[in-house]
2 protein chains.
Amino acid sequence: MGRGKIEIKRIENSSNRQVTYSKRRNGIMKKAKEITVLCDAQVSLVIFASSGKMHEYCSPSTTLVDILDKYHKQSGERLWDAKHENLSIELDRIKKENDSMQIELRHLKGEDITSLHHKELMAIEEALENGLGSVREKQASLMT
Amino acid sequence: MGRGKIEIKRIENSSNRQVTYSKRRNGIMKKAKEITVLCDAQVSLVIFASSGKMHEYCSPSTTLVDILDKYHKQSGERLWDAKHENLSIELDRIKKENDSMQIELRHLKGEDITSLHHKELMAIEEALENGLGSVREKQASLMT
DNA sequence: CCGACTATATATAAATC
DNA sequence: TGATTTATATATAGTCG
(Lines give C-alpha, C1' and ligand atoms only; values in the text may rest on other atoms or scores of the structure.)
Protein backbone atom coordinates (compact mmCIF):
# COMPACT_ATOMS: atom_id res chain seq x y z
CA MET A 1 0.00 0.00 0.00
CA GLY A 2 1.96 2.87 -1.22
CA ARG A 3 3.44 4.28 -4.31
CA GLY A 4 4.62 0.88 -5.31
CA LYS A 5 3.66 -2.64 -4.47
CA ILE A 6 6.18 -4.63 -2.50
CA GLU A 7 6.69 -8.32 -2.17
CA ILE A 8 6.39 -9.74 1.30
CA LYS A 9 9.97 -10.77 1.81
CA ARG A 10 12.83 -9.39 3.86
CA ILE A 11 13.70 -5.82 2.89
CA GLU A 12 17.39 -5.98 2.14
CA ASN A 13 18.19 -2.28 2.38
CA SER A 14 18.65 -1.82 6.07
CA SER A 15 17.55 1.78 6.30
CA ASN A 16 14.41 1.12 4.29
CA ARG A 17 13.80 -1.83 6.54
CA GLN A 18 14.06 0.35 9.60
CA VAL A 19 11.71 2.96 8.17
CA THR A 20 9.14 0.40 7.12
CA TYR A 21 9.46 -1.22 10.50
CA SER A 22 8.55 1.85 12.43
CA LYS A 23 5.73 2.82 10.11
CA ARG A 24 4.18 -0.61 10.21
CA ARG A 25 4.76 -0.99 13.90
CA ASN A 26 2.71 2.13 14.46
CA GLY A 27 0.08 0.79 12.11
CA ILE A 28 -0.26 -2.48 13.97
CA MET A 29 -0.35 -0.74 17.31
CA LYS A 30 -3.12 1.49 16.06
CA LYS A 31 -5.10 -1.48 14.77
CA ALA A 32 -4.62 -3.24 18.06
CA LYS A 33 -6.01 -0.27 19.94
CA GLU A 34 -8.93 -0.01 17.53
CA ILE A 35 -9.99 -3.63 17.77
CA THR A 36 -9.75 -3.32 21.52
CA VAL A 37 -12.18 -0.44 21.55
CA LEU A 38 -14.49 -1.46 18.70
CA CYS A 39 -14.95 -5.06 19.69
CA ASP A 40 -13.95 -4.95 23.31
CA ALA A 41 -11.27 -7.49 22.81
CA GLN A 42 -8.18 -7.90 24.90
CA VAL A 43 -4.93 -7.68 23.05
CA SER A 44 -1.33 -8.21 23.95
CA LEU A 45 1.22 -7.31 21.35
CA VAL A 46 4.97 -7.52 21.85
CA ILE A 47 7.33 -6.68 19.01
CA PHE A 48 11.09 -6.92 18.91
CA ALA A 49 12.91 -5.18 16.11
CA SER A 50 15.89 -7.03 14.73
CA SER A 51 17.94 -4.44 16.61
CA GLY A 52 16.56 -5.93 19.80
CA LYS A 53 14.45 -2.92 20.71
CA MET A 54 11.09 -3.81 22.12
CA HIS A 55 7.65 -2.27 21.81
CA GLU A 56 4.46 -3.46 23.35
CA TYR A 57 0.78 -2.82 23.50
CA CYS A 58 -1.61 -4.21 26.01
CA SER A 59 -5.29 -3.38 26.21
CA PRO A 60 -6.20 -1.07 29.01
CA SER A 61 -8.27 -2.92 31.60
CA THR A 62 -5.81 -5.76 31.59
CA THR A 63 -2.14 -6.62 31.94
CA LEU A 64 0.27 -8.85 30.13
CA VAL A 65 0.29 -11.18 33.09
CA ASP A 66 -3.51 -11.49 32.99
CA ILE A 67 -3.43 -12.23 29.32
CA LEU A 68 -0.72 -14.82 29.74
CA ASP A 69 -2.67 -16.36 32.53
CA LYS A 70 -5.72 -16.71 30.30
CA TYR A 71 -3.48 -17.96 27.52
CA HIS A 72 -2.11 -20.51 29.86
CA LYS A 73 -5.57 -21.75 30.76
CA GLN A 74 -6.89 -21.86 27.23
CA SER A 75 -3.99 -23.31 25.36
CA GLY A 76 -3.12 -25.83 28.01
CA GLU A 77 0.44 -24.91 27.15
CA ARG A 78 2.42 -24.58 30.28
CA LEU A 79 4.39 -21.45 29.65
CA TRP A 80 5.44 -20.82 33.20
CA ASP A 81 6.11 -24.38 34.05
CA ALA A 82 8.22 -24.90 30.99
CA LYS A 83 10.29 -21.87 31.81
CA HIS A 84 10.45 -22.91 35.40
CA GLU A 85 11.54 -26.39 34.50
CA ASN A 86 14.42 -25.16 32.37
CA LEU A 87 15.71 -23.07 35.21
CA SER A 88 15.52 -25.95 37.64
CA ILE A 89 17.35 -28.24 35.29
CA GLU A 90 20.14 -25.75 34.88
CA LEU A 91 20.26 -25.18 38.59
CA ASP A 92 20.67 -28.90 39.20
CA ARG A 93 23.40 -29.19 36.63
CA ILE A 94 25.35 -26.33 38.11
CA LYS A 95 24.89 -27.60 41.63
CA LYS A 96 26.44 -30.92 40.63
CA GLU A 97 29.34 -29.16 38.97
CA ASN A 98 29.70 -27.15 42.13
CA ASP A 99 29.73 -30.21 44.36
CA SER A 100 32.39 -31.96 42.40
CA MET A 101 34.59 -28.89 42.38
CA GLN A 102 34.12 -28.56 46.10
CA ILE A 103 35.23 -32.15 46.63
CA GLU A 104 38.24 -31.65 44.42
CA LEU A 105 39.18 -28.52 46.32
CA ARG A 106 38.87 -30.28 49.68
CA HIS A 107 41.04 -33.12 48.48
CA LEU A 108 43.70 -30.75 47.28
CA LYS A 109 43.66 -29.16 50.71
CA GLY A 110 44.11 -32.55 52.31
CA GLU A 111 40.58 -32.69 53.68
CA ASP A 112 38.17 -35.61 53.48
CA ILE A 113 40.84 -37.95 52.26
CA THR A 114 40.41 -40.75 54.79
CA SER A 115 38.30 -42.83 52.47
CA LEU A 116 40.60 -42.48 49.47
CA HIS A 117 42.72 -45.28 48.11
CA HIS A 118 46.36 -45.30 47.26
CA LYS A 119 45.87 -44.61 43.56
CA GLU A 120 43.64 -41.59 44.19
CA LEU A 121 46.04 -40.23 46.74
CA MET A 122 48.90 -40.59 44.29
CA ALA A 123 46.99 -38.54 41.72
CA ILE A 124 46.30 -35.81 44.24
CA GLU A 125 49.90 -35.82 45.42
CA GLU A 126 51.07 -35.41 41.85
CA ALA A 127 48.71 -32.54 41.23
CA LEU A 128 49.89 -30.83 44.38
CA GLU A 129 53.53 -31.30 43.49
CA ASN A 130 52.95 -29.86 40.05
CA GLY A 131 51.09 -26.89 41.47
CA LEU A 132 53.78 -26.30 44.03
CA GLY A 133 56.42 -26.48 41.33
CA SER A 134 54.66 -23.84 39.23
CA VAL A 135 54.08 -21.56 42.17
CA ARG A 136 57.66 -21.77 43.37
CA GLU A 137 58.97 -21.16 39.90
CA LYS A 138 56.81 -18.07 39.73
CA GLN A 139 57.99 -16.95 43.15
CA ALA A 140 61.58 -17.32 42.08
CA SER A 141 61.00 -15.26 38.95
CA LEU A 142 59.50 -12.48 41.07
CA MET A 143 62.72 -12.31 43.11
CA THR A 144 64.41 -11.38 39.88
CA MET B 1 -12.19 1.96 5.67
CA GLY B 2 -15.26 0.77 4.08
CA ARG B 3 -18.47 2.03 2.67
CA GLY B 4 -18.88 4.27 5.63
CA LYS B 5 -16.59 5.78 8.16
CA ILE B 6 -16.96 4.56 11.70
CA GLU B 7 -16.03 6.12 14.97
CA ILE B 8 -13.57 4.25 17.11
CA LYS B 9 -15.86 3.31 19.96
CA ARG B 10 -17.50 0.10 21.02
CA ILE B 11 -19.80 -1.30 18.32
CA GLU B 12 -23.09 -1.73 20.09
CA ASN B 13 -24.74 -4.14 17.66
CA SER B 14 -23.35 -7.42 18.78
CA SER B 15 -23.46 -9.20 15.47
CA ASN B 16 -21.75 -6.32 13.70
CA ARG B 17 -19.22 -6.32 16.48
CA GLN B 18 -18.54 -10.00 15.94
CA VAL B 19 -18.17 -9.55 12.19
CA THR B 20 -15.86 -6.58 12.55
CA TYR B 21 -13.87 -8.48 15.13
CA SER B 22 -13.11 -11.39 12.90
CA LYS B 23 -12.29 -9.23 9.92
CA ARG B 24 -9.99 -6.99 11.87
CA ARG B 25 -8.41 -9.87 13.72
CA ASN B 26 -7.44 -11.39 10.40
CA GLY B 27 -6.12 -8.03 9.30
CA ILE B 28 -3.88 -7.63 12.32
CA MET B 29 -2.61 -11.19 12.05
CA LYS B 30 -1.71 -10.56 8.45
CA LYS B 31 0.11 -7.35 9.35
CA ALA B 32 1.96 -9.14 12.10
CA LYS B 33 3.16 -11.80 9.68
CA GLU B 34 4.16 -9.16 7.17
CA ILE B 35 6.25 -7.08 9.55
CA THR B 36 7.90 -10.28 10.71
CA VAL B 37 8.99 -11.11 7.20
CA LEU B 38 9.67 -7.63 5.85
CA CYS B 39 11.66 -6.34 8.80
CA ASP B 40 12.72 -9.55 10.46
CA ALA B 41 11.03 -8.59 13.66
CA GLN B 42 9.79 -10.96 16.27
CA VAL B 43 6.15 -10.61 17.13
CA SER B 44 3.88 -12.11 19.68
CA LEU B 45 0.21 -11.30 19.38
CA VAL B 46 -2.48 -12.70 21.62
CA ILE B 47 -6.10 -11.62 21.20
CA PHE B 48 -9.11 -12.51 23.26
CA ALA B 49 -12.54 -11.79 21.88
CA SER B 50 -15.08 -10.60 24.40
CA SER B 51 -16.57 -14.08 24.05
CA GLY B 52 -13.37 -15.38 25.59
CA LYS B 53 -12.13 -17.09 22.46
CA MET B 54 -8.42 -16.73 21.94
CA HIS B 55 -6.28 -16.31 18.87
CA GLU B 56 -2.54 -15.93 18.72
CA TYR B 57 0.31 -15.28 16.38
CA CYS B 58 3.95 -15.81 17.08
CA SER B 59 6.78 -15.29 14.61
CA PRO B 60 8.25 -18.45 13.27
CA SER B 61 11.82 -18.85 14.52
CA THR B 62 10.72 -18.08 18.03
CA THR B 63 8.24 -19.05 20.71
CA LEU B 64 6.06 -17.18 23.11
CA VAL B 65 8.33 -18.34 25.92
CA ASP B 66 11.36 -16.84 24.19
CA ILE B 67 9.58 -13.58 23.63
CA LEU B 68 8.41 -13.40 27.20
CA ASP B 69 11.92 -14.13 28.32
CA LYS B 70 13.25 -11.23 26.29
CA TYR B 71 10.38 -9.08 27.46
CA HIS B 72 11.23 -9.93 31.02
CA LYS B 73 14.84 -8.93 30.54
CA GLN B 74 14.06 -5.66 28.82
CA SER B 75 11.20 -4.40 30.89
CA GLY B 76 12.49 -5.57 34.23
CA GLU B 77 8.85 -6.28 34.98
CA ARG B 78 8.20 -9.23 37.15
CA LEU B 79 6.24 -11.50 34.91
CA TRP B 80 7.35 -14.58 36.72
CA ASP B 81 6.20 -15.36 40.17
CA ALA B 82 8.26 -15.05 43.28
CA LYS B 83 9.26 -18.67 43.24
CA HIS B 84 10.64 -18.27 39.81
CA GLU B 85 12.51 -15.17 40.74
CA ASN B 86 14.09 -16.98 43.67
CA LEU B 87 15.25 -19.75 41.43
CA SER B 88 16.91 -17.34 39.15
CA ILE B 89 18.59 -15.51 42.00
CA GLU B 90 19.90 -18.78 43.36
CA LEU B 91 21.14 -19.73 39.94
CA ASP B 92 23.13 -16.51 39.73
CA ARG B 93 24.57 -17.00 43.18
CA ILE B 94 25.65 -20.55 42.44
CA LYS B 95 27.15 -19.55 39.13
CA LYS B 96 29.30 -16.99 40.91
CA GLU B 97 30.34 -19.53 43.51
CA ASN B 98 31.19 -21.84 40.67
CA ASP B 99 33.38 -19.27 38.99
CA SER B 100 35.35 -18.49 42.10
CA MET B 101 35.93 -22.15 42.85
CA GLN B 102 37.12 -22.65 39.33
CA ILE B 103 39.63 -19.87 39.77
CA GLU B 104 40.82 -21.28 43.09
CA LEU B 105 41.23 -24.72 41.55
CA ARG B 106 43.27 -23.35 38.69
CA HIS B 107 45.52 -21.50 41.08
CA LEU B 108 46.13 -24.60 43.14
CA LYS B 109 47.08 -26.41 39.98
CA GLY B 110 49.54 -23.67 39.16
CA GLU B 111 47.49 -22.28 36.29
CA ASP B 112 46.65 -18.63 35.64
CA ILE B 113 49.09 -17.43 38.26
CA THR B 114 51.09 -15.00 36.18
CA SER B 115 49.13 -12.01 37.42
CA LEU B 116 49.35 -12.93 41.11
CA HIS B 117 51.46 -11.07 43.63
CA HIS B 118 53.90 -12.41 46.15
CA LYS B 119 51.47 -12.49 49.04
CA GLU B 120 48.86 -14.42 47.09
CA LEU B 121 51.44 -16.87 45.85
CA MET B 122 52.62 -17.42 49.42
CA ALA B 123 49.08 -18.28 50.49
CA ILE B 124 48.70 -20.74 47.66
CA GLU B 125 52.06 -22.26 48.38
CA GLU B 126 51.14 -22.74 51.99
CA ALA B 127 47.83 -24.37 51.08
CA LEU B 128 49.63 -26.71 48.74
CA GLU B 129 52.23 -27.62 51.33
CA ASN B 130 49.55 -28.35 53.88
CA GLY B 131 47.64 -30.46 51.42
CA LEU B 132 50.74 -32.33 50.44
CA GLY B 133 51.57 -32.94 54.08
CA SER B 134 48.16 -34.41 54.79
CA VAL B 135 48.20 -36.57 51.72
CA ARG B 136 51.68 -37.95 52.43
CA GLU B 137 50.77 -38.67 56.01
CA LYS B 138 47.78 -40.61 54.82
CA GLN B 139 49.91 -42.46 52.30
CA ALA B 140 52.33 -43.48 55.03
CA SER B 141 49.55 -44.79 57.22
CA LEU B 142 48.31 -46.95 54.36
CA MET B 143 51.71 -48.64 54.16
CA THR B 144 50.93 -49.89 57.62
C1' DC C 1 18.47 10.48 9.58
C1' DC C 2 13.68 12.75 10.28
C1' DG C 3 8.95 14.37 9.17
C1' DA C 4 5.63 15.70 5.69
C1' DC C 5 3.53 14.50 1.54
C1' DT C 6 1.11 11.96 -2.04
C1' DA C 7 -0.23 8.19 -5.15
C1' DT C 8 -1.31 3.80 -4.72
C1' DA C 9 -2.26 -0.69 -2.39
C1' DT C 10 -4.88 -2.66 1.19
C1' DA C 11 -8.31 -3.18 4.62
C1' DT C 12 -12.79 -3.16 5.63
C1' DA C 13 -18.10 -1.32 6.39
C1' DA C 14 -21.92 -1.96 4.21
C1' DA C 15 -24.50 -4.16 0.73
C1' DT C 16 -25.81 -8.24 -1.61
C1' DC C 17 -26.50 -13.00 -2.37
C1' DT D 1 -26.49 -16.74 9.44
C1' DG D 2 -21.95 -16.74 6.31
C1' DA D 3 -19.46 -15.96 1.96
C1' DT D 4 -18.72 -12.57 -1.73
C1' DT D 5 -18.72 -8.07 -3.60
C1' DT D 6 -18.21 -3.24 -3.76
C1' DA D 7 -17.26 1.57 -2.51
C1' DT D 8 -14.72 3.94 0.52
C1' DA D 9 -11.41 4.79 4.35
C1' DT D 10 -6.83 3.85 5.77
C1' DA D 11 -2.16 2.42 5.59
C1' DT D 12 1.96 2.98 3.67
C1' DA D 13 6.07 2.93 -0.27
C1' DG D 14 8.42 6.06 -2.42
C1' DT D 15 9.56 10.98 -2.71
C1' DC D 16 11.01 15.47 -1.32
C1' DG D 17 12.96 19.07 1.80
Side-chain angles (χ1 to χ4, degrees), chain A residues 1-64 67-68 70-71 74-75, chain B residues 1-64 67 70-71 73-75:
Chain A
M1 359 165 150
R3 291 291 182 93
K5 178 171 179 153
I6 57 165
E7 265 188 286
I8 302 302
K9 65 170 192 179
R10 187 187 136 98
I11 296 169
E12 293 303 337
N13 180 306
S14 105
S15 80
N16 280 352
R17 191 167 64 241
Q18 160 59 31
V19 169
T20 293
Y21 173 72
S22 72
K23 284 182 178 178
R24 280 174 173 260
R25 176 168 47 67
N26 288 335
I28 293 183
M29 293 281 181
K30 186 175 174 193
K31 294 278 184 193
K33 284 171 204 170
E34 288 179 352
I35 200 173
T36 295
V37 175
L38 290 169
C39 311
D40 57 29
Q42 297 189 317
V43 179
S44 153
L45 175 63
V46 179
I47 311 185
F48 282 90
S50 51
S51 72
K53 238 185 179 181
M54 185 187 77
H55 289 267
E56 82 168 303
Y57 170 75
C58 186
S59 319
S61 85
T62 190
T63 65
L64 183 51
I67 292 204
L68 293 176
K70 288 176 79 172
Y71 178 95
Q74 288 233 359
S75 70
Chain B
M1 0 164 151
R3 290 291 183 95
K5 177 169 180 156
I6 57 167
E7 266 189 285
I8 301 303
K9 63 171 193 178
R10 187 187 138 99
I11 296 170
E12 292 303 337
N13 180 307
S14 108
S15 80
N16 280 353
R17 190 167 65 240
Q18 160 59 30
V19 169
T20 293
Y21 174 72
S22 73
K23 284 182 180 177
R24 280 176 173 260
R25 176 168 47 68
N26 287 335
I28 294 183
M29 293 280 180
K30 186 175 174 193
K31 294 279 184 194
K33 283 173 204 170
E34 288 179 351
I35 202 174
T36 295
V37 175
L38 290 170
C39 312
D40 56 32
Q42 295 188 318
V43 180
S44 155
L45 175 63
V46 179
I47 311 184
F48 283 90
S50 51
S51 71
K53 239 184 179 179
M54 183 188 78
H55 288 268
E56 83 169 300
Y57 170 73
C58 184
S59 319
S61 85
T62 188
T63 66
L64 185 50
I67 292 203
K70 288 175 79 174
Y71 179 94
K73 280 179 187 144
Q74 289 232 357
S75 70

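Computed over heavy atoms, backbone and side chain alike; hydrogens, waters and symmetry mates excluded. Numbered from 1 within each chain, the chains take letters A, B, ... in sequence-line order.
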Heavy atoms of B:A32 and B:Y57 approach each other most closely as CB-CD2, 3.7 Å

Rounded to the nearest Å, what distance is computed from the CD atom of residue B:E34 to the P atom of nucleotide D:dT10?
19 Å

So, using salt bridge (charged side-chain N to carboxylate O under 4.0 Å, His left out) as the criterion, who are the partners of B:E34 when residues are at least two apart?
A:R24

Please report the distance, rounded to the nearest Å, between CD in A:Q18 and P in C:dG3.
11 Å

Using atom names, set out every protein N or O paired with an N or O of nucleotides 12-15 of chain C below 3.5 Å, distance rounded to 0.1 Å.
residue, atom, partner, partner atom, Å
C:dT12, OP1, A:K31, NZ, 3.3
C:dT12, OP2, B:K23, O, 3.4
C:dT12, O4', B:M1, O, 3.0
C:dT12, O2, B:M1, O, 2.8
C:dA13, OP1, B:R24, NE, 3.1
C:dA13, OP1, B:R24, NH2, 2.9
C:dA13, OP2, B:T20, OG1, 3.4
C:dA13, N7, B:K23, NZ, 2.7
C:dA13, N3, B:R3, N, 3.1
C:dA14, N6, B:K23, NZ, 3.1

Show your reasoning for whether side chain to side chain contact (heavy atoms under 4.5 Å, CB included) applies to B:R10 and B:R17.
CA-CA 8 Å; B:R10 187 187 138 99; B:R17 190 167 65 240; 3.1 Å; yes

I'd like to check the salt bridge (charged side-chain N to carboxylate O under 4.0 Å, His left out) partners of B:R3; sequence neighbours left out, ordered by chain and number.
none

Separation of D:dG2 P from B:Y21 OH (nearest whole Å):
15 Å

Between A:I11 (CD1) and D:dG14 (C1'), how many Å, whole number?
12 Å

Whole Å only: how far is the NZ atom of A:K33 from the C1' atom of D:dT10?
16 Å

It should be established whether A:K30 places a side-chain nitrogen or oxygen under 4.0 Å from OP1 or OP2 of nucleotide D:dA11.
yes

If you count the non-hydrogen atoms of other residues, nucleotides and ligands that lie under 6.0 Å from CD in B:E7, is the total more than 12?
no

When you compare the side chain of A:S61 with that of A:T36, does any pair of heavy atoms fall below 4.5 Å?
no

